[in-house]
Amino acid sequence: MKNKLVLGLVLFTLSIGTFSVMAQEVTLIRNANIFDGTSETLQKGQSVLVEGNLIKKIGIGLKAPKGAKIIDAQGATLTPGFIDAHAHLMFQMSIPETLNADPFYFGYVATQTAKTYLMHGFTTVRDASGNSFSLKKAIDRGIVEGPRVFPSGPMISQTSGHSDHRTDAQVSAMISYEPSTLMKYDMVQLADGVPEVLKATREALRRGASQIKISVGGGTGSFADPLDVTQYTDQEIQAAVQAAADWGTYVMSHVYNDKGAQRAIKNGVRSIEHGNLLSEETFRLMMEHDVWLSPQVLVYTYHPAGYTDDQKNKHDEAFDGIDGMFKAAKKLNFQNIAFGTDVITDPEKLKEINNEFALRTQWFEPIDILRQATSNSARLLALSGPRNPYGKIGLIQEGAMADILLINGNPLQDIKILTKPQENLLLIMKDGKVYKNIL
(Lines give C-alpha, C1' and ligand atoms only; values in the text may rest on other atoms or scores of the structure.)
Protein backbone atom coordinates (compact mmCIF):
# COMPACT_ATOMS: atom_id res chain seq x y z
CA MET A 1 0.00 0.00 0.00
CA LYS A 2 2.82 2.36 0.93
CA ASN A 3 4.58 1.70 -2.40
CA LYS A 4 1.36 2.43 -4.31
CA LEU A 5 1.01 5.77 -2.51
CA VAL A 6 4.61 6.70 -3.34
CA LEU A 7 4.13 5.69 -6.98
CA GLY A 8 0.91 7.68 -7.16
CA LEU A 9 2.65 10.75 -5.73
CA VAL A 10 5.48 10.44 -8.26
CA LEU A 11 3.03 10.12 -11.18
CA PHE A 12 1.03 13.09 -9.91
CA THR A 13 4.18 15.19 -9.62
CA LEU A 14 5.28 14.23 -13.13
CA SER A 15 1.84 15.08 -14.51
CA ILE A 16 1.96 18.51 -12.86
CA GLY A 17 5.42 19.09 -14.37
CA THR A 18 4.21 18.03 -17.80
CA PHE A 19 1.17 20.30 -17.49
CA SER A 20 3.35 23.30 -16.57
CA VAL A 21 5.55 22.70 -19.65
CA MET A 22 2.49 22.35 -21.89
CA ALA A 23 0.97 25.47 -20.28
CA GLN A 24 3.85 27.60 -21.58
CA GLU A 25 2.48 29.67 -24.43
CA VAL A 26 4.09 28.79 -27.76
CA THR A 27 4.04 31.14 -30.75
CA LEU A 28 5.43 30.61 -34.25
CA ILE A 29 6.04 33.69 -36.38
CA ARG A 30 6.34 32.73 -40.07
CA ASN A 31 7.45 34.47 -43.27
CA ALA A 32 9.50 37.23 -41.61
CA ASN A 33 12.58 39.10 -42.82
CA ILE A 34 14.82 39.35 -39.78
CA PHE A 35 17.10 42.15 -38.59
CA ASP A 36 18.84 40.37 -35.74
CA GLY A 37 20.23 43.48 -34.02
CA THR A 38 23.64 43.47 -35.71
CA SER A 39 23.60 42.24 -39.34
CA GLU A 40 23.63 44.70 -42.24
CA THR A 41 21.18 42.66 -44.32
CA LEU A 42 17.84 41.03 -43.59
CA GLN A 43 17.56 37.26 -43.24
CA LYS A 44 14.60 36.59 -45.52
CA GLY A 45 11.78 34.08 -45.23
CA GLN A 46 12.54 33.12 -41.65
CA SER A 47 10.42 31.68 -38.86
CA VAL A 48 10.85 32.35 -35.14
CA LEU A 49 9.56 29.95 -32.51
CA VAL A 50 8.81 31.49 -29.12
CA GLU A 51 8.29 29.31 -26.06
CA GLY A 52 7.25 31.12 -22.91
CA ASN A 53 9.31 34.30 -22.80
CA LEU A 54 12.30 33.06 -24.84
CA ILE A 55 13.18 32.67 -28.49
CA LYS A 56 13.54 28.90 -28.89
CA LYS A 57 14.38 28.41 -32.59
CA ILE A 58 15.05 30.47 -35.72
CA GLY A 59 15.08 29.06 -39.24
CA ILE A 60 13.34 28.50 -42.54
CA GLY A 61 10.25 26.32 -42.60
CA LEU A 62 9.96 25.65 -38.88
CA LYS A 63 6.94 23.51 -38.06
CA ALA A 64 4.49 24.70 -35.44
CA PRO A 65 4.23 22.48 -32.36
CA LYS A 66 0.76 21.23 -31.49
CA GLY A 67 -1.32 23.98 -29.92
CA ALA A 68 1.04 26.78 -30.98
CA LYS A 69 -0.32 30.17 -31.94
CA ILE A 70 0.73 31.00 -35.52
CA ILE A 71 1.40 34.54 -36.76
CA ASP A 72 2.03 35.10 -40.48
CA ALA A 73 4.41 38.06 -40.80
CA GLN A 74 3.58 38.33 -44.52
CA GLY A 75 7.11 39.48 -45.34
CA ALA A 76 7.29 42.16 -42.62
CA THR A 77 10.62 43.04 -41.02
CA LEU A 78 11.17 41.37 -37.66
CA THR A 79 13.46 43.18 -35.22
CA PRO A 80 14.33 43.09 -31.53
CA GLY A 81 12.23 45.37 -29.35
CA PHE A 82 13.75 48.86 -29.14
CA ILE A 83 15.69 50.04 -26.10
CA ASP A 84 15.62 53.59 -24.76
CA ALA A 85 18.82 53.89 -22.74
CA HIS A 86 17.88 57.31 -21.35
CA ALA A 87 14.18 57.45 -20.48
CA HIS A 88 12.26 59.29 -17.77
CA LEU A 89 9.22 57.33 -16.68
CA MET A 90 8.40 59.58 -13.73
CA PHE A 91 8.88 63.04 -15.27
CA GLN A 92 6.11 63.47 -17.83
CA MET A 93 4.55 66.53 -16.19
CA SER A 94 5.32 70.22 -16.59
CA ILE A 95 7.70 71.64 -14.01
CA PRO A 96 4.99 73.63 -12.16
CA GLU A 97 2.81 70.50 -12.12
CA THR A 98 5.72 68.42 -10.87
CA LEU A 99 6.46 70.80 -8.00
CA ASN A 100 2.84 70.59 -6.82
CA ALA A 101 2.20 66.84 -7.20
CA ASP A 102 1.98 64.17 -4.52
CA PRO A 103 3.65 60.75 -4.99
CA PHE A 104 0.38 59.09 -6.00
CA TYR A 105 -0.07 61.47 -8.93
CA PHE A 106 3.51 60.77 -10.06
CA GLY A 107 2.63 57.08 -10.09
CA TYR A 108 -0.66 57.46 -11.96
CA VAL A 109 0.95 59.55 -14.70
CA ALA A 110 3.86 57.08 -14.94
CA THR A 111 1.50 54.21 -15.80
CA GLN A 112 0.43 56.17 -18.88
CA THR A 113 4.06 56.91 -19.69
CA ALA A 114 5.02 53.24 -19.45
CA LYS A 115 2.30 52.21 -21.88
CA THR A 116 3.32 54.95 -24.33
CA TYR A 117 6.88 53.59 -24.45
CA LEU A 118 5.70 50.03 -25.00
CA MET A 119 3.19 50.90 -27.73
CA HIS A 120 5.92 52.81 -29.59
CA GLY A 121 8.05 49.66 -29.77
CA PHE A 122 10.26 50.23 -26.72
CA THR A 123 10.24 46.95 -24.85
CA THR A 124 13.08 48.04 -22.54
CA VAL A 125 14.03 51.38 -20.97
CA ARG A 126 16.82 52.45 -18.68
CA ASP A 127 15.19 54.94 -16.33
CA ALA A 128 17.73 57.73 -15.98
CA SER A 129 16.43 59.25 -12.74
CA GLY A 130 13.31 58.79 -10.70
CA ASN A 131 11.61 56.66 -8.10
CA SER A 132 10.48 54.05 -10.63
CA PHE A 133 11.10 51.01 -8.42
CA SER A 134 7.44 50.26 -7.67
CA LEU A 135 6.45 50.93 -11.28
CA LYS A 136 9.03 48.36 -12.40
CA LYS A 137 7.57 45.80 -9.97
CA ALA A 138 4.03 46.49 -11.18
CA ILE A 139 5.09 46.02 -14.81
CA ASP A 140 7.02 42.83 -14.06
CA ARG A 141 4.00 41.41 -12.24
CA GLY A 142 1.61 42.27 -15.06
CA ILE A 143 -0.36 44.87 -13.08
CA VAL A 144 0.67 47.68 -15.45
CA GLU A 145 1.55 47.43 -19.15
CA GLY A 146 4.97 48.80 -19.94
CA PRO A 147 8.56 48.06 -20.96
CA ARG A 148 11.22 46.27 -18.98
CA VAL A 149 12.73 48.84 -16.60
CA PHE A 150 16.37 49.17 -15.58
CA PRO A 151 15.92 51.66 -12.70
CA SER A 152 18.64 54.04 -11.56
CA GLY A 153 16.71 55.47 -8.67
CA PRO A 154 17.33 59.15 -7.93
CA MET A 155 20.05 60.96 -9.85
CA ILE A 156 22.61 61.93 -7.22
CA SER A 157 24.34 65.31 -7.35
CA GLN A 158 26.08 67.83 -5.15
CA THR A 159 24.34 70.84 -3.63
CA SER A 160 23.93 73.40 -6.47
CA GLY A 161 24.19 70.50 -8.95
CA HIS A 162 21.78 69.10 -11.50
CA SER A 163 19.61 67.41 -8.87
CA ASP A 164 19.19 70.63 -6.88
CA HIS A 165 15.73 71.90 -7.84
CA ARG A 166 15.25 74.09 -4.79
CA THR A 167 14.10 77.62 -5.55
CA ASP A 168 14.95 80.96 -3.97
CA ALA A 169 11.91 80.47 -1.75
CA GLN A 170 13.73 77.73 0.14
CA VAL A 171 16.25 78.57 2.82
CA SER A 172 19.91 77.58 2.71
CA ALA A 173 20.72 74.04 3.77
CA MET A 174 23.12 75.65 6.24
CA ILE A 175 20.07 76.90 8.12
CA SER A 176 17.50 74.15 7.67
CA TYR A 177 16.96 71.03 5.58
CA GLU A 178 14.13 71.92 3.20
CA PRO A 179 14.04 69.45 0.30
CA SER A 180 12.50 70.10 -3.08
CA THR A 181 9.47 68.06 -4.11
CA LEU A 182 11.68 65.82 -6.28
CA MET A 183 14.07 65.22 -3.38
CA LYS A 184 11.23 64.49 -0.96
CA TYR A 185 9.84 61.76 -3.22
CA ASP A 186 13.30 60.30 -3.99
CA MET A 187 13.20 61.28 -7.66
CA VAL A 188 16.58 63.00 -7.18
CA GLN A 189 18.94 63.34 -4.22
CA LEU A 190 21.66 65.69 -3.02
CA ALA A 191 24.78 64.24 -1.44
CA ASP A 192 27.94 66.15 -0.50
CA GLY A 193 31.20 64.52 0.50
CA VAL A 194 32.19 60.87 0.43
CA PRO A 195 30.00 59.65 3.32
CA GLU A 196 26.82 61.17 1.85
CA VAL A 197 27.58 59.93 -1.67
CA LEU A 198 28.15 56.43 -0.31
CA LYS A 199 24.90 56.55 1.63
CA ALA A 200 22.84 57.87 -1.32
CA THR A 201 24.32 55.24 -3.65
CA ARG A 202 23.69 52.43 -1.19
CA GLU A 203 20.11 53.60 -0.64
CA ALA A 204 19.45 53.37 -4.38
CA LEU A 205 21.00 49.90 -4.48
CA ARG A 206 18.87 48.88 -1.50
CA ARG A 207 15.73 49.73 -3.49
CA GLY A 208 16.89 47.71 -6.50
CA ALA A 209 18.82 50.07 -8.76
CA SER A 210 20.38 48.21 -11.68
CA GLN A 211 22.89 51.04 -12.10
CA ILE A 212 23.64 54.37 -10.40
CA LYS A 213 23.37 57.82 -11.92
CA ILE A 214 25.34 60.84 -10.74
CA SER A 215 25.76 64.34 -12.16
CA VAL A 216 29.22 65.79 -12.80
CA GLY A 217 28.24 68.91 -14.76
CA GLY A 218 25.53 71.51 -15.25
CA GLY A 219 22.11 70.79 -16.69
CA THR A 220 19.37 72.54 -18.61
CA GLY A 221 16.52 71.58 -16.28
CA SER A 222 18.08 72.69 -13.00
CA PHE A 223 18.16 76.26 -11.76
CA ALA A 224 21.61 76.88 -10.30
CA ASP A 225 24.20 75.32 -12.62
CA PRO A 226 25.42 76.55 -16.02
CA LEU A 227 26.47 73.86 -18.50
CA ASP A 228 30.18 74.63 -18.18
CA VAL A 229 30.50 73.94 -14.45
CA THR A 230 32.18 70.81 -13.08
CA GLN A 231 30.49 68.91 -10.26
CA TYR A 232 31.79 66.37 -7.75
CA THR A 233 35.39 65.86 -6.74
CA ASP A 234 37.48 62.86 -7.71
CA GLN A 235 36.87 61.33 -4.28
CA GLU A 236 33.08 61.73 -4.46
CA ILE A 237 32.92 60.13 -7.93
CA GLN A 238 35.16 57.30 -6.75
CA ALA A 239 32.83 56.71 -3.80
CA ALA A 240 29.81 56.17 -6.07
CA VAL A 241 31.83 54.01 -8.47
CA GLN A 242 33.21 51.84 -5.66
CA ALA A 243 29.83 51.37 -3.99
CA ALA A 244 28.27 50.39 -7.33
CA ALA A 245 31.17 48.06 -8.17
CA ASP A 246 30.75 46.32 -4.82
CA TRP A 247 27.26 45.39 -6.07
CA GLY A 248 28.58 44.28 -9.45
CA THR A 249 27.25 47.25 -11.39
CA TYR A 250 28.33 50.63 -12.79
CA VAL A 251 27.79 54.40 -12.71
CA MET A 252 26.31 56.54 -15.48
CA SER A 253 26.93 60.26 -15.39
CA HIS A 254 25.04 63.33 -16.59
CA VAL A 255 27.44 65.84 -18.14
CA TYR A 256 27.78 68.07 -21.20
CA ASN A 257 31.32 69.47 -20.93
CA ASP A 258 34.81 68.04 -21.39
CA LYS A 259 36.18 68.73 -17.93
CA GLY A 260 33.37 67.01 -16.06
CA ALA A 261 33.29 64.09 -18.49
CA GLN A 262 37.04 63.55 -18.29
CA ARG A 263 36.98 63.65 -14.50
CA ALA A 264 34.18 61.08 -14.48
CA ILE A 265 35.93 58.78 -16.95
CA LYS A 266 39.24 58.86 -15.07
CA ASN A 267 37.41 57.90 -11.89
CA GLY A 268 35.55 54.90 -13.28
CA VAL A 269 32.23 56.10 -14.73
CA ARG A 270 31.19 53.84 -17.62
CA SER A 271 28.48 55.84 -19.41
CA ILE A 272 28.41 59.53 -20.32
CA GLU A 273 24.84 60.83 -20.61
CA HIS A 274 24.28 63.63 -23.16
CA GLY A 275 27.86 64.78 -23.87
CA ASN A 276 26.72 67.47 -26.30
CA LEU A 277 29.83 69.64 -25.84
CA LEU A 278 32.47 66.91 -25.93
CA SER A 279 35.66 67.24 -27.99
CA GLU A 280 37.83 64.67 -29.78
CA GLU A 281 40.15 64.63 -26.77
CA THR A 282 37.37 63.33 -24.54
CA PHE A 283 36.27 60.74 -27.10
CA ARG A 284 39.83 59.41 -27.26
CA LEU A 285 39.77 59.05 -23.48
CA MET A 286 36.42 57.27 -23.68
CA MET A 287 37.82 54.82 -26.22
CA GLU A 288 40.82 54.18 -24.00
CA HIS A 289 38.57 53.33 -21.04
CA ASP A 290 35.79 51.58 -23.03
CA VAL A 291 33.21 54.16 -21.93
CA TRP A 292 29.79 54.58 -23.57
CA LEU A 293 28.12 57.67 -24.97
CA SER A 294 24.38 57.85 -24.33
CA PRO A 295 23.28 60.85 -26.46
CA GLN A 296 19.85 62.23 -27.39
CA VAL A 297 18.59 64.60 -30.07
CA LEU A 298 14.81 64.87 -29.81
CA VAL A 299 14.65 66.48 -26.37
CA TYR A 300 16.75 69.43 -27.57
CA THR A 301 14.41 70.23 -30.47
CA TYR A 302 11.84 71.78 -28.12
CA HIS A 303 11.75 73.62 -24.79
CA PRO A 304 10.35 71.38 -22.04
CA ALA A 305 7.13 72.69 -20.49
CA GLY A 306 7.71 75.20 -17.71
CA TYR A 307 11.30 76.15 -18.58
CA THR A 308 12.44 79.63 -17.58
CA ASP A 309 14.30 81.87 -20.03
CA ASP A 310 17.62 80.83 -18.46
CA GLN A 311 16.76 77.15 -18.80
CA LYS A 312 15.73 77.68 -22.42
CA ASN A 313 19.07 79.38 -23.16
CA LYS A 314 20.97 76.44 -21.65
CA HIS A 315 18.81 74.02 -23.62
CA ASP A 316 19.62 75.87 -26.86
CA GLU A 317 23.33 75.79 -25.99
CA ALA A 318 23.10 72.03 -25.60
CA PHE A 319 21.29 71.69 -28.94
CA ASP A 320 23.98 73.72 -30.70
CA GLY A 321 26.64 71.25 -29.54
CA ILE A 322 25.05 68.08 -30.94
CA ASP A 323 26.48 68.37 -34.45
CA GLY A 324 30.04 68.85 -33.20
CA MET A 325 29.70 65.96 -30.75
CA PHE A 326 28.56 63.46 -33.36
CA LYS A 327 31.11 64.66 -35.93
CA ALA A 328 33.92 64.23 -33.40
CA ALA A 329 32.68 60.72 -32.56
CA LYS A 330 32.42 59.72 -36.22
CA LYS A 331 35.86 61.12 -37.09
CA LEU A 332 37.39 58.77 -34.52
CA ASN A 333 35.09 55.86 -35.50
CA PHE A 334 33.74 55.81 -31.96
CA GLN A 335 31.35 52.85 -31.75
CA ASN A 336 30.02 52.78 -28.19
CA ILE A 337 26.92 54.86 -28.94
CA ALA A 338 23.55 54.02 -27.39
CA PHE A 339 20.01 55.19 -28.20
CA GLY A 340 17.87 57.38 -25.98
CA THR A 341 15.32 60.18 -26.04
CA ASP A 342 15.35 61.95 -22.62
CA VAL A 343 11.86 63.39 -23.23
CA ILE A 344 10.54 65.15 -20.11
CA THR A 345 7.56 67.25 -18.95
CA ASP A 346 5.14 66.51 -21.79
CA PRO A 347 3.02 63.36 -22.42
CA GLU A 348 2.11 64.61 -25.90
CA LYS A 349 5.76 65.14 -26.84
CA LEU A 350 6.49 61.65 -25.53
CA LYS A 351 4.26 60.31 -28.30
CA GLU A 352 6.89 61.63 -30.74
CA ILE A 353 9.78 59.59 -29.30
CA ASN A 354 10.18 57.59 -32.51
CA ASN A 355 11.22 60.81 -34.24
CA GLU A 356 14.62 60.19 -32.63
CA PHE A 357 15.22 57.57 -35.34
CA ALA A 358 14.76 60.13 -38.12
CA LEU A 359 16.69 62.91 -36.37
CA ARG A 360 19.83 60.77 -36.18
CA THR A 361 19.96 60.27 -39.95
CA GLN A 362 21.83 63.59 -40.21
CA TRP A 363 24.88 61.73 -38.85
CA PHE A 364 24.22 57.99 -39.12
CA GLU A 365 23.02 55.39 -41.59
CA PRO A 366 19.85 53.42 -40.75
CA ILE A 367 21.87 50.32 -39.84
CA ASP A 368 23.88 52.35 -37.30
CA ILE A 369 20.73 53.76 -35.71
CA LEU A 370 19.01 50.39 -35.53
CA ARG A 371 22.07 48.89 -33.85
CA GLN A 372 22.13 51.79 -31.40
CA ALA A 373 18.48 51.13 -30.51
CA THR A 374 18.94 47.38 -30.10
CA SER A 375 22.23 45.51 -29.63
CA ASN A 376 24.34 48.56 -28.71
CA SER A 377 22.00 49.74 -25.96
CA ALA A 378 21.68 46.14 -24.78
CA ARG A 379 25.47 45.90 -24.38
CA LEU A 380 25.42 49.09 -22.34
CA LEU A 381 22.63 47.86 -20.08
CA ALA A 382 24.46 44.54 -19.64
CA LEU A 383 27.15 46.41 -17.68
CA SER A 384 24.77 46.06 -14.73
CA GLY A 385 26.00 42.45 -14.47
CA PRO A 386 24.23 40.54 -11.68
CA ARG A 387 21.96 43.54 -11.06
CA ASN A 388 20.45 42.96 -14.51
CA PRO A 389 16.92 41.84 -13.61
CA TYR A 390 16.32 40.21 -16.99
CA GLY A 391 18.03 38.02 -19.60
CA LYS A 392 19.58 38.67 -23.01
CA ILE A 393 17.87 41.51 -24.88
CA GLY A 394 18.46 43.56 -28.03
CA LEU A 395 19.02 40.54 -30.28
CA ILE A 396 16.99 38.06 -32.29
CA GLN A 397 18.79 34.84 -31.48
CA GLU A 398 18.02 31.55 -29.79
CA GLY A 399 17.93 31.94 -26.03
CA ALA A 400 17.25 35.69 -26.12
CA MET A 401 14.22 37.25 -24.47
CA ALA A 402 11.19 37.22 -26.77
CA ASP A 403 10.98 40.99 -27.30
CA ILE A 404 9.95 41.19 -30.95
CA LEU A 405 8.58 43.78 -33.37
CA LEU A 406 7.10 43.26 -36.83
CA ILE A 407 7.47 46.33 -39.02
CA ASN A 408 5.64 47.26 -42.20
CA GLY A 409 8.51 47.98 -44.58
CA ASN A 410 12.28 47.81 -44.35
CA PRO A 411 13.80 50.25 -41.81
CA LEU A 412 17.29 49.43 -43.13
CA GLN A 413 16.27 51.23 -46.32
CA ASP A 414 13.92 53.85 -44.85
CA ILE A 415 14.17 54.27 -41.10
CA LYS A 416 11.61 57.07 -41.16
CA ILE A 417 8.84 54.48 -41.32
CA LEU A 418 9.44 54.06 -37.58
CA THR A 419 8.15 57.58 -36.95
CA LYS A 420 4.64 56.25 -37.67
CA PRO A 421 4.37 53.46 -35.08
CA GLN A 422 0.57 53.34 -35.09
CA GLU A 423 0.48 52.17 -38.69
CA ASN A 424 3.93 50.60 -39.21
CA LEU A 425 4.44 48.64 -35.99
CA LEU A 426 2.31 45.64 -36.90
CA LEU A 427 3.18 43.53 -33.88
CA ILE A 428 4.66 44.29 -30.48
CA MET A 429 5.72 41.34 -28.33
CA LYS A 430 7.44 41.68 -24.98
CA ASP A 431 8.48 38.73 -22.86
CA GLY A 432 6.65 36.40 -25.23
CA LYS A 433 3.32 38.21 -24.76
CA VAL A 434 1.66 40.03 -27.66
CA TYR A 435 0.57 43.57 -26.81
CA LYS A 436 -0.33 44.63 -30.34
CA ASN A 437 -1.10 42.66 -33.50
CA ILE A 438 -2.75 44.38 -36.48
CA LEU A 439 -1.71 41.86 -39.12
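Computed from a predicted model, the values in this text were never measured in an experiment. Atom set for the values below is all heavy atoms of this structure, side chains included, hydrogens, waters and symmetry mates excluded.
- Within the structure, every pair that satisfies the ring pair (Phe, Tyr, Trp, His ring centres under 6.0 Å) test and touches residues 379-407, not counting sequence neighbours, is listed here: Phe150-Tyr390.
- Taking Lys327 as the reference, Asp323 meet the salt bridge (Lys or Arg N to Asp or Glu O under 4.0 Å) condition, with sequence neighbours excluded.
- A donor-acceptor pair shorter than 3.5 Å can be found between the side chains of Thr220 and Tyr307.
- Heavy-atom minimum distance, Leu380 versus Arg126: CD2-NH2, 3.7 Å.
- Listed here is the closest heavy atom pair of Thr361 and Phe357: CG2-O, 3.7 Å.
- Under 3.5 Å, the side chains of Thr341 and Glu356 contain no donor-acceptor pair of N or O atoms.
- Evaluation of the side-chain hydrogen bond (donor to acceptor under 3.5 Å, both in side chains) rule for Thr201 yields no partner, not counting sequence neighbours.
- The side chain to side chain contact (heavy atoms under 4.5 Å, CB included) check on Asp164 picks up Thr159, Arg166, Leu190, with sequence neighbours excluded.
- A salt bridge does not link Asp246 to Arg202: none of the charged nitrogens lies less than 4.0 Å from a carboxylate oxygen.
- For Gln112 (side chain) and Val109 (main-chain N/O), no donor-acceptor pair under 3.5 Å exists by modelled atom type.
- Pro80 pairs by the side chain to side chain contact (heavy atoms under 4.5 Å, CB included) definition with Phe35, Thr374, Ile396, not counting sequence neighbours.
- Using a 4.5 Å heavy-atom cutoff, the side chains of Leu406 and Thr77 are not in contact.
- With sequence neighbours excluded, the residues forming a salt bridge (Lys or Arg N to Asp or Glu O under 4.0 Å) with Glu40 are Arg371, listed by chain and number.
- A donor-acceptor pair shorter than 3.5 Å cannot be found between the side chains of Asp228 and Asn257.
- Checked for salt-bridge contact, Lys349 and Glu352 meet the test: a charged N lies under 4.0 Å from a carboxylate O.
- Gln311 places a side-chain N or O within 3.5 Å of a backbone atom of Gly221 that can act as its donor or acceptor partner.
- No salt bridge links Glu288 with Arg284; every basic N to acidic carboxylate O contact stays at or beyond 4.0 Å.
- The number of heavy-atom neighbours closer than 6.0 Å to CD of Glu281, taken from other residues, nucleotides and ligands shown, is 12 or below.
- Between Ile214 and Val241 the shortest side-chain heavy-atom distance does not fall below 4.5 Å.
- For Ser222 (side chain) and Gly218 (main-chain N/O), no donor-acceptor pair under 3.5 Å exists by modelled atom type.
- With rounding to the nearest 0.5 angstrom, the CG atom of Leu370 is 6.5 Å from the CG atom of Leu418.
- Judged by distance alone, the side chains of Ser294 and Glu273 do bring a donor and an acceptor atom under 3.5 Å apart.
- Interatomic distance, Asp431 CG to Leu54 CG, rounded to the nearest 0.5 Å: 8.0 Å.
- We find that Arg270 and Asp290 are joined by a salt bridge, their nearest charged nitrogen and carboxylate oxygen being less than 4.0 Å apart.
- Partner of Asn267 under the side chain to side chain donor-acceptor pair (under 3.5 Å) criterion, out of Glu236, Gln262, Gln242, Gln238: Gln238 alone.
- At least one side-chain heavy atom of Leu405 sits less than 4.5 Å from a side-chain heavy atom of Ile428.
- Take Phe91 and apply the ring pair (Phe, Tyr, Trp, His ring centres under 6.0 Å) test, not counting sequence neighbours, and it matches His88.
- Looking only at distances, no side-chain donor or acceptor of Asn388 sits under 3.5 Å from a matching main-chain atom of Ala382.
- Taking 4.5 Å as the limit, some side-chain heavy atom of Ile265 sits within range of a side-chain heavy atom of Thr282.
- A heavy-atom distance below 4.5 Å is found between the side chains of Leu205 and Ile212.
- Residue pairs meeting the ring pair (Phe, Tyr, Trp, His ring centres under 6.0 Å) criterion with at least one member in residues 113-138, sequence neighbours excluded: Phe82-Phe122.
- No more than 12 heavy atoms of other residues, nucleotides or ligands sit less than 6.0 Å from atom NZ of Lys115.
- Salt bridge annotation for Asp127-Lys136: absent, with no cationic side-chain nitrogen under 4.0 angstrom from a carboxylate oxygen.
- Interatomic distance, Arg148 CZ to Ile393 CD1, rounded to the nearest 0.5 Å: 7.0 Å.
- In this structure, the side chain of Ser94 does not engage the main chain of Gly306 through any donor-acceptor pair within 3.5 Å.
- A donor-acceptor pair under 3.5 Å links the side-chain atoms of Asn276 to the main chain of Ala318, judged by distance alone.
- We find the CG-CD1 distance between Asn410 and Ile417 to be 7.0 Å, quoted to the nearest 0.5 Å.
- Scanning both residues, Gly394 and Ala378, for their nearest heavy atoms gives CA-CB, 3.9 Å.
- The ring pair (Phe, Tyr, Trp, His ring centres under 6.0 Å) analysis of residues 93-114, with sequence neighbours excluded, yields the pairs Phe106-Tyr185.
- Contact check for His165 versus Val188: side-chain heavy atoms found under the 4.5 Å cut-off.
- Between the Lys430 side chain and the Gly146 main chain, a donor and an acceptor come within less than 3.5 Å of each other.
- With sequence neighbours excluded, the residues satisfying ring pair (Phe, Tyr, Trp, His ring centres under 6.0 Å) with Tyr256 are His254, His274.
- Between the Glu178 side chain and the Val171 main chain, a donor and an acceptor come within less than 3.5 Å of each other.
- Of all heavy-atom pairs between His162 and Gly217, the closest is CB-O, 4.1 Å.
- Using modelled atom types, no side-chain atom of Gln296 and backbone atom of Ala87 make a donor-acceptor pair closer than 3.5 Å.
- A salt bridge does not link Lys314 with Glu317: every distance from a Lys NZ or Arg NE/NH1/NH2 to an Asp or Glu carboxylate oxygen is 4.0 Å or more.
- Residues Gln362 and Val297 fail the side-chain proximity criterion, which asks for heavy atoms closer than 4.5 Å.
- Distance alone, capped at 3.5 Å, places no donor-acceptor pair between the Ser132 side chain and the Leu135 backbone.
- Residue pairs meeting the ring pair (Phe, Tyr, Trp, His ring centres under 6.0 Å) criterion with at least one member in residues 189-217, sequence neighbours excluded, do not occur.
- Taking each heavy atom of Leu278 and Asp258 in turn, the nearest pair found is CA-OD1, 3.5 Å.
- Take Arg207 and apply the salt bridge (Lys or Arg N to Asp or Glu O under 4.0 Å) test, not counting sequence neighbours, and it matches no residue.
- If you check the side chains of Gln211 and Thr249, you find no donor sitting under 3.5 Å from an acceptor.
- Across every non-hydrogen atom of Ser271 and Val291, the tightest pair is N-CG1, 4.1 Å.
- Donor-acceptor pairing under 3.5 Å is lacking for the side chains of Glu423 and Asn408.
- Looking at Val26 and Lys56, their side chains never come closer than 4.5 Å, going by heavy atoms from C-beta outward.
- The aromatic rings of Tyr302 and His315 stand perpendicular to each other, their planes meeting at an angle above 60°, with 30° marking the opposite boundary.
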Can Lys199 and Glu196 be said to form a salt bridge (Lys or Arg N to Asp or Glu O under 4.0 Å), step by step? CA-CA 5 Å; Lys199 189 170 186 177; Glu196 286 191 4; over 6 Å; no
